Each structure stands twice: as structure tokens, then as C-alpha cells.
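Working notes, beginning with the structure itself.
Source: prediction; values computed, not measured.
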Amino acid sequence: MTSPSSPPHGDDEIGDDARNPYASQSRWRHAESSAYAKYEQERAGGAAHHHHHHHHNGPVAREADAQGGVGDLANFLNKSRVEPENPNGDERPTSMRFKPVMAGAEEARAATGHAEDAPAAESAIKASSEPPADGKEVAVGPLINYRRMEGNTWIGSVLVVVVGGGREQPFTPSLNLRRAGGEGGQGMDVEGVCLYSDPRNTFWRFDLAVAMGGRETKWEYELPGLRYKSQSKPRVNAFFVPAITESMRIMFHSCNGFSVGTDEEAYSGACLWNDVMRKHQERPFHVMIGGGDQIYNDGIRVQGPLRKWTAIGNPKKRRDYPFPESLREECDDYYLKNYIRWYGTEPFAAANGQIPQINIWDDHDIIDGFGSYVNDFMKCDVFRGIGGVAHKYYMLFQHHLPPPPSTYTSDAVHAAGGEEGQGVDPNQFMTAHVHPQITESGYINGLKPGPYVAEHSHNVYARLGARIAFIGLDARTERTRHQINYPETYDAIFARLKEEFTAAANSDQPLKHLILLLGVPIAYPRLTWLENIFSSPVIAPIKLLNRRVGLGGSFFNSFDGSVDLLDDLDDHYTARTHKKERNRLIERFQALAAEFSIRVTILSGDVHLAALGRFYSNPKLNIAPENDYRYIANVVSSAIVNKPPPAAVANLLARRNKIHHLNHETDETLLKLFDKDPGDSNKTSKSNNVTMPSRNFAIITENSPNNGQRNGGGPLNSHQVDQNHLFPPANGGGGAQGSQVSLPHSAQTNPAAPRPKDTRLPIGAGEVNCGSKHKAAIPGEHGTGSDGGLDVVIQVEIDQHDGEGRTEGYGLTIPALDYRGKKPASVVGSVGRGSRRSVRSGRSH
């Protein structure tokens, strides 16, 4: 072995004329490029028999393991691996299904003569000759998360990603946290924890713990010693923590990115984040809830490493395509770079550093439709592979948690002890540092790995201030076409909620609201008729012609060959395959509401339009929403960035807005919320008051009982109600350009008064005057009541060409629940089956 003090292979004895011009500038490089080898072969006048062996008398390329002595290790790690058969000929990669450790993947492909990968190989060679990163340059961040409350302490974290890294980090950054305005002196320094590091980037997490006081407080933090590429990037960021006696002001969003092929300039980019930040400056948000699709990774199949796989015409060959280590590495690089690009894009990046986040994922965080294709295709190597890689960066960027040590490849090491899931592949972390798993009480983890992502689901529980609890269901990790979550996972979630609500009820600060986050709407128009058409035998001949001659074009998806919209329909809770699971889930939440007198409100996204669905007691029971444990509103807010569907689609959904019956006691439908189109626009038909095809986000604020009374209390007095908003027009319709309808006047003063026959109209005092004239939609009045209800406003974009992203609000009040009746029979049992399992909380993997 050559010592560091002497030149390798006697280079000093070789004159400048004899030196290979393709030689690496680094003398300690353990493998040279194919260009180097080719030059040596030509100079020697003979062809070499192998990329790393040259039998001639001239200067020769170094042996691959000459510097590091890794040949024996490579042989040991690969001795049990068998080169598989290649049943599909040229459709399969020509690279080996195991990864030699002697060279990086890009250099290895260059050395084996893959010309199309030569630019990447040359880039890797160039990078290796540059001085190592000092660990102080910020690639993206900071990103702030809210994690939980512990007593009177607010717990959060900040994530920063820096350039460079590996098994050891050259620099450990620290964060300085202090109260704004000079209160509390110099504050405190928090040392970073390295979650993950490889030669490309290092992920640093900083844990924050803030004492909550008698009033809302502003906190500042900065990261001294780190460099930002942008001079305009704030060096000091601030966030707000509510008073210990108040609940958090919530901002909710979903679908935060563009679908492949969208004209982003036509929609002024991510401009609604400008409006989010304006409203944050006017009245700060305490938490920002991401309902899924915080990033769109679909480009991996168009301009990314899966483009060749997507182009394979035969679905069977596409299904059988392997996911070797080389392809995993390319996909890993794609997801990493796409996260860094998107999370560094303004004005979204500004919100990331100032409004603490809680997130769950959905399909586009992985790839479009993940989990909702046919089982055989979902189990293919490529889908399992990208599921693992997407989960890795979802954990890092959106949860500030360390990833698993390795992710799925078709060279998979089986898990030890017969446990399901991906085993540890040492090839993936030979040059990386992975922090051990972090256990936190804010997570309720699935008892077993998902069917296609070989990891446990991460369901999030947190208390959002004084009187609001939050539960976010991970409805993607365990999803198939026939289930959304395992029955055992539901049991663990409900056991945890019951435990939390019992403890709160016995304290001096009981909970009054539960915010339930579901990625996909659950109170939504049925599209079963479309499902039946798309899955019927009538489609089969067209599907065959599509495979053979391309008939139908993009009507069929590029994955399993099914109708392209079918995966979106199968995603819905209202899909026929999810009907029983959906109904049982709602019944269990209604039972929980009755048992603890807690109002449940659902947040959902996914569908790229705004709507307000709700479940409620059958009108024959004559129960006011204030006393109705079955009353559950589903706030549908989507998308904050992606383009909306055409008006014709929104109008079709509005026509399908029937009054459905969950069971004998519970009805459901969409509320006629939209009394007008935003601004002077014309986005919907006159008959459509229920779906708004325009980008949007939502704001939820508690009407705190600590607030002063507004006009004697209550959401509205009769003289404040637009009288034209009370009664249906003569034809019984009412469109976006006409008068909205509401409760008869008697129902304002007597909540138990008979409801309108058409319960798509307002059915309670909080829904009176709903829309643009409701007090929840007026900035100076939103959240100023004292009845304990939730003011909800959906902020809808006025003009997609306005780069400032200005919006108009549509609001209503969701009343607090006062229920003192009997516990319903549906309190017993579980979703899917009746077994009760113990809670498995706080495990991050």
C-alpha cells in the first residue's frame, strides 16, 4: 500500500510527456475513468481485456482497489449474490444486479461503456477533483416544524440541509433561539443533530422547546456560521407561539406543486403563498398543516430516471423491470434534488422558515396514483423502489426524522428474523451516516409495514394549543385499491385518542375540537357511475388497441394500462371498494365525539377545488348542529399551487351533489357555500354553489371563550344577516351569480327549529349567511366570537394572472359540541373488524 507521503505508482518518475491527460487530479483516486483506460490502451498499442487490467509495458491504470484495499471486501459482500436471468432481453438494464463497492455508480457505468451516461460520469469525476465542502453552505432551509405540546411547553424543530457530507461531518452547526424584542437576553444555543449525511448533502435537525406564557409570544432564530447562496434570504427567522390559554390559528393547504406538463407561467407560479404570507403578517398563523402532495415528484417518469421504464409499451415487461442499485441511486438523486429545488422556491420557502408545519403525504409526494393501481403492478420492483426512496426524503424533509438505513432494491437483502420489509443493504450507507431511529410520542405507528412501501405508517397526533387536538392519518403507506389503512392501525389511533381525551377531560383544560386530517375528501359527490364505466368489459377492446396501436392516447395511464382517471377514483373514500371502511371510520369518529362531547372537523385536499361537505343527523331527528355529534364538516381545500380542473368538471360534480345516507341516522351532502364567484370572475355556472374550481387555501381559528362578546354573543344577529341570503329564489335554484339561500329566520333564534327540506342549504346558525358575507370571511371579524366554535374561511384565488395571488374568502362557523346524551352503540368495535389492539406510539420506523 502506498503511503500518503510518497506519490502513488511512481508518478514522479513519469515525465510530463508521458502523463495520461485523462488522469484524475487526485492521486488518491482508487479508480480511473474509461477515457484514461482507453488512452493507455492506445498508447500501449494493444487492446486491454478488461477495464481495469492492462497487459503491456507502458504506463498502466491503477488497480481499482490498489489504494483502499477494498477488493476483498467487495468479493465478500457480493459472494452470495447471483446474477439473475434476463427473460426480457434488451428491455432490462444491462448493468449488474449487485453493486460493486469499488466505484461510484456513475463512474461504474462509464467504465462499462454506457455512453448515454458519460456526461454524468464526467460530472462525477470533475466533482471528485474539487475541494471538499466545508459543511457550511446551505442547500435549502431552514424548515420549521411543530411537533407537540408537553404540558406548558411548545416543542418544534428546524431542519437545514447543507452541501457535502459523508460518514463524518466537517462542521456541526448550532442554532440560536431567543424571544423577539430583546426579551430573555441572548437566548439559547441548540447544537444540530445529524439525521443523515452522504457526500452530496447533510441534514441537520435542531430541537426547539419554548415555554408558553400568558400571552402570544414571538420567537426568533438564526444559524450563525452557515452561508446562504441568496443574499435576500433572511438570516433571522421568526415564529409565533400562542398563549397557554388559547388555541392555535391554523393555515391549511394541499396540492402544493404543478402536475407534469402544466404551463406554470400561465398560473403565475406559486403565487398564493404571497397571500399566505400577507395574512401571516396581519395575524400570525401558529401552525401550517400540509394535507398531502407538498411536492410533486411525477417528473421522475418524464424527465427523470424512470423515463425509459415508462416508455416500455408492454405492461408485463414494465411490471417485470428490475430496480437495481444503480437505478435506485439515480432515483434517490432525483428525489433529493427535486426537494431541494421546490423547498427553496419562493415564496413557499419563506413560509417554510416562519410558519411551523405538520404534514402528511399523498400520492404525488411519491408518484401519481401510488397505492391505487392493481396489486400485481404495485408490487413490481420499480414501484416498491421509488416508494422506499420517496419515503426516505418524506421522513427527512417533512418530518425531520432519520430515514431507514437503506431502501428497497431488486437486489434486496431480506429482513432478518422473518420480519416483513426491506433489510439493511450495506452498499447504501458505506459513505453515509444515518442517525438511529428517533422515538417521539407524537407518532402513532402502524403495527406492520405497508404492502408497497416497506415501512410503518406515521400517523401524527398533536395538541394545537388549549382546546384543539389534531390527528393526521397516514393514508398512503398502507393503501391498496381495497384498503386505506390496516384495521390494527385504526384501533391504535382510536385507543390513543381515547387516552388523550380522557386525560384532558380530567384536567383543568378539556379539549373541545378534534381536527382530523385526511388527504382525500370523505364527504364528497359519488362518481361510482364513472368507476363502473372505466372498469367495465366495454373498455377492454379499447385498452387492447391502446397497447397495440396507441388508440386512446393519454386516456390510459403509462403504468398498469388502466384508464388514467381510475386511480384517482379508486383513491377516493367514496369509491365503492372503500365504502365499508369509510362508513365505519365516520361512525367511530361520531361515537368518539359523543363520548367526549368533542366536535370533529375534517380537513382534506387532493381534488384541486374548494368545497364544504358535512355529515349530520337525519332531519327527522330534529337535532341542532350544536347538539349533534353526527355533525362533522369536511373542509376541502385544494390546490394551493396546482391548476384547477375545468369549470365543466366542477359543474358536473355539483350536479352529482345528492343527499346521501351514511346510515339510518346520518345524511351527508355538500353545503351551498359559494354565493358568488371570486372578484368579478365567472368561474362556475349559475347553478353551481358547491364546488369552486380555483386555487385556494383555508384558515381555521377558534372563537375563543376568552374573547369579548361580539354584539351580545353568537355568530350573527338578525340585523347583520343579508335578508336576500335567507330565502331560496322562486325557482328553488340559486347560482353563483344569484342569491344564496339559508335558514328561515326562526332558525336563527331557535336552533332546534325545523330545517329546510333541502339540506344542501344551511342547517345551523353557524352556516347562516355562509359564503363571502359571513363574519368568518371578513378579516377583521374572523375568529373574534366567543362561542367556542371554529371560524373557517376558504381563501379562493381571484385571478390566476395576478402574481400577488390575491384571494377572496368564503366562510362559516363550525359550532362547538354540547352533547350530554347516551353513548351511541357504534362506540364499540373497529373499522373493518372488531379486535382491539394496544397502542404502538412513538416509533419512527
Side-chain angles (χ1 to χ4, degrees), residues 73-88 91-109 112 114 117 120 196 198-200 297 300-301 304-310 312 317-337 366-367 370 376-396 402-416 419-432 434 449-456 477 559 845:
L73 176 60
N75 292 335
F76 171 77
L77 291 174
N78 295 318
K79 68 181 180 181
S80 62
R81 299 191 178 184
V82 179
E83 183 69 11
E85 295 179 0
N86 187 354
N88 293 310
E91 297 282 14
R92 294 170 66 89
T94 56
S95 59
M96 295 178 289
R97 289 193 67 171
F98 60 85
K99 172 71 182 293
V101 298
M102 62 183 67
E106 294 181 45
E107 295 173 76
R109 284 193 294 277
T112 53
H114 286 213
D117 293 323
Y196 176 81
D198 64 28
R200 299 166 301 172
N297 286 313
I300 193 171
R301 65 178 176 85
L306 294 186
R307 61 190 182 278
K308 294 180 182 178
W309 172 73
T310 307
I312 297 173
K317 290 183 178 181
R318 199 182 307 119
R319 183 194 65 197
D320 294 338
Y321 198 88
F323 194 77
E325 170 62 17
S326 58
L327 183 55
R328 183 211 64 81
E329 197 171 59
E330 291 180 54
C331 291
D332 188 287
D333 207 47
Y334 177 89
Y335 280 93
L336 172 63
K337 290 177 179 177
I366 311 170
I367 197 170
F370 189 94
D376 284 349
F377 187 76
M378 283 304 312
K379 283 188 172 292
C380 78
D381 286 335
V382 170
F383 260 44
R384 294 176 71 184
I386 62 172
V389 174
H391 176 269
K392 170 183 177 179
Y393 290 110
Y394 169 60
M395 287 290 99
L396 285 165
S406 57
T407 62
Y408 179 88
T409 69
S410 49
D411 315 331
V413 179
H414 294 291
E419 180 184 351
E420 295 182 59
Q422 169 78 20
V424 175
D425 185 349
N427 285 342
Q428 294 184 33
F429 59 91
M430 290 191 68
T431 59
V434 184
Y452 313 129
V453 177
E455 302 298 335
H456 297 269
T477 302
F559 298 139
H845 307 310

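- With hydrogens and angles ignored, the 3.5 Å screen pairs a side-chain donor or acceptor of Q428 with a backbone N or O of T407.
- I366 and N297 get closest at one heavy-atom pair: O-CB, 3.4 Å.
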Open item on the list: Run the side chain to side chain contact (heavy atoms under 4.5 Å, CB included) test on Y408 and V389 for me, step by step, so that the C-alpha distance in whole Å, both residues' side-chain angles and the decisive distance to 0.1 Å come before the verdict.
Closed with: CA-CA 8 Å; Y408 179 88; V389 174; over 6 Å; no
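- Between the W309 side chain and the R318 main chain, a donor and an acceptor come within less than 3.5 Å of each other.
- Of the possible polar contacts, none joining the R384 side chain to the D381 backbone as a donor-acceptor pair under 3.5 Å is found.
- Under a 3.5 Å cut-off, the side chain of S410 and the backbone N or O of P322 do not form any donor-acceptor pair.
- Considering all non-hydrogen atoms of both residues, T409 and P324 come closest at CB-C, 4.4 Å.
- One finds the NZ atom of K392 at 15.0 Å from the CD1 atom of I386 (value rounded to the nearest 0.5 Å).
- Residues L396 and P403 share a closest heavy-atom pair of CD2-CD, 3.7 Å.
- E455 has its side chain within reach of P404: a pair of non-hydrogen atoms, C-beta onward, lies under 4.5 Å apart.
- Residues forming a salt bridge (Lys or Arg N to Asp or Glu O under 4.0 Å) with R319 (at least two apart in sequence, or on another chain): none.
- Not counting sequence neighbours, Y334 has no partner by the side-chain hydrogen bond (donor to acceptor under 3.5 Å, both in side chains) test.
- The side chain to side chain contact (heavy atoms under 4.5 Å, CB included) with S406 is formed by just one residue from the set D425, V434, N427; it is D425.
- The aromatic rings of F370 and F383 sit parallel to each other, their planes meeting at less than 30°, with 60° as the upper class boundary.
- We find the CG-CZ distance between L306 and R301 to be 10.0 Å, quoted to the nearest 0.5 Å.
- The two residues C331 and I300 come nearest to each other via the heavy atoms SG-CD1, 3.9 Å.
- The shortest side-chain heavy-atom distance between T477 and Y452 does not fall under the 4.5 Å cut-off.
- For the ring pair (Phe, Tyr, Trp, His ring centres under 6.0 Å) test, residues two or more places apart in sequence or in another chain that qualify with Y394 are W361, H399.
- Under the side-chain hydrogen bond (donor to acceptor under 3.5 Å, both in side chains) criterion, K379 pairs with no residue, sequence neighbours left out.
- Put simply, NZ on K337 and OH on Y393 are 10.5 Å apart, with the number rounded to the nearest 0.5 Å.
- In this structure, the side chain of Y196 does not engage the main chain of P405 through any donor-acceptor pair within 3.5 Å.
- Residues R200 and D332 are paired through a salt bridge, judged by an N-O separation under 4.0 Å between the basic side chain and the carboxylate.
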